[in-house]
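In the text below, chain A, chain B and the rest are named by the order of the sequence lines, each starting its count at 1.
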There are 2 protein chains.
Amino acid sequence: MKKIDIYKKLRSSGLRPTKQRVEIAKFLFEREKTFHFTVESLNKLLTKKINSKFALATIYNTVHSFKAAGHLSEVEVRGNKTYFDTNVSNHHHFYDSETSELIDIDASDIVIQKIPKAPNGKKIKNVEVFINLKN
Amino acid sequence: MKKIDIYKKLRSSGLRPTKQRVEIAKFLFEREKTFHFTVESLNKLLTKKINSKFALATIYNTVHSFKAAGHLSEVEVRGNKTYFDTNVSNHHHFYDSETSELIDIDASDIVIQKIPKAPNGKKIKNVEVFINLKN
DNA sequence: TTTTCACTTTAGAATTATTATAAACTAGAA
DNA sequence: TTCTAGTTTATAATAATTCTAAAGTGAAAA
Ligand SMILES: [Mn+2]
Ligand SMILES: [Mn+2]
Ligand SMILES: [Zn+2]
Ligand SMILES: [Zn+2]
């Protein structure tokens, strides 16, 4: 994803392309593979990557803005911290509790044959599969 | 589950049957259906049920002891608080984000036809399916 | 039955992740 | 260039959970 595209991405979702947002967006979206992170890990990596460091509140604000704009998704992982995901398409995860690492599974790589129907007046929004790993 | 069984359950897992543990165990395990709860909700319900209230730290200690003994499992749910589950068998969940409510799905009610193989030297420990609900 | 002590409970402090506040800053429209 | 709504920031506040260390207790042993 080129710099021009980063600006487009931000502008088209009503986010002013500030220095902070552009830096963070470049870090998050200029990559080939899915990136899973916590605010803490992102903050550490950003501080290492660029010389200036942003306020922690800015990382929180930005990540939440990106999520609200649909550029990030949130993954429910065992533990205290919130995990974010640059893959916003419907997909599943391996979870390695040894390393606290998430690995993407393409939606088409898991096929569910039988599924119960939703209870009383509710509908199924989506199905998330977690495959927990061991050594 | 009778009182005698509560004592057995505690003793056999190396937990001294103190007044607090017995009360909490009775509240959690003397029921037909699965019970999903947070420490906060359990504390509220216990305070209502029995006249005396226990220290919050005791609820935490007890719930963690029960989990370590295999009498409770932990369910990963979106949000800040930790959810516990009296159903310790392998099963899945509906999650209603409107009400923050979990509903059990028997393992046999979900059949997965296709599943990817675990990465590099890892093995699959277990598979958890979450069906998120909407209205 | 009494003694003893490792285990348990408890109140409160500490820690951790996250959110709120409010003052200073800035992108970009006018 | 000016103006202002949106943004960043340091810091305080909040919320869930864990830690601490003193007081209490179940039950093994005397
Ligand atoms: Mn979590
Ligand atoms: Mn959670
Ligand atoms: Zn992912
Ligand atoms: Zn359950």
Between P on D:dC19 and OH on B:Tyr60, what's the gap in Å once rounded to a whole number? 12 Å
Taking 4.0 Å as the cut-off, does a side-chain nitrogen or oxygen of A:Thr58 come that near to OP1 or OP2 on D:dT9? yes
From D:dT9, C:dA11, D:dG26, nucleotide with atom closest to B:Pro17 side chain: D:dG26
Rounded to whole Å, how long is the line connecting atom CG of B:Asn61 with atom P of D:dA21? 16 Å
Counting side-chain heavy atoms from CB outward, which of D:dT25, C:dT19, C:dA17 is closest to A:His64? C:dT19
Nucleotide D:dT7, atom P - distance to CG of A:Leu56 in whole Å: 19 Å
Test side-chain contact (heavy atoms from CB on, under 4.5 Å) applied to B:Phe37 and B:Thr82, B:Asp85, B:Asn43, B:Leu72, the passing residue: B:Leu72
Can you check whether B:Gln20 has a side-chain N or O nearer than 4.0 Å to OP1 or OP2 of D:dT25? no
Distance in angstrom units between B:Arg21 CZ and C:dC7 P, rounded: 11 Å
What is the nucleic acid contact for B:Thr38, judged by heavy atoms within less than 4.0 Å: base, sugar-phosphate only, or nothing? nothing
Quick one: does A:Phe54's side chain get under 4.5 Å of A:Glu23's, heavy atoms only? yes
When rounded to whole Å, the NZ to C1' distance for the pair B:Lys81 and C:dT18 reads 14 Å
Among D:dT9, C:dA11, D:dA15, the one nearest any side-chain atom of A:Ala57 is D:dT9
Does OP1 or OP2 of C:dG28 have a side-chain N or O of A:Arg11 closer than 4.0 Å? yes
Counting N and O atoms only, with roles assigned by atom type, does the side chain of A:Thr86 sit under 3.5 Å from a partner on the main chain of A:Phe35, one being a donor and the other an acceptor? yes
Has A:Thr82 got a side-chain N or O lying under 4.0 Å from the OP1 or OP2 atom of C:dA17? no
Looking at A:Asn80, I'd like to know whether one of its side-chain N or O atoms comes within less than 4.0 Å of OP1 or OP2 on C:dT16. no
Do we get A:Lys9 above A:Phe29's six-membered ring, with its NZ or CZ under 6.0 Å from the centre and within 45° of the axis? yes
Closest non-hydrogen contact found for A:Val88 with A:Gly70 is CG1-O, 3.4 Å
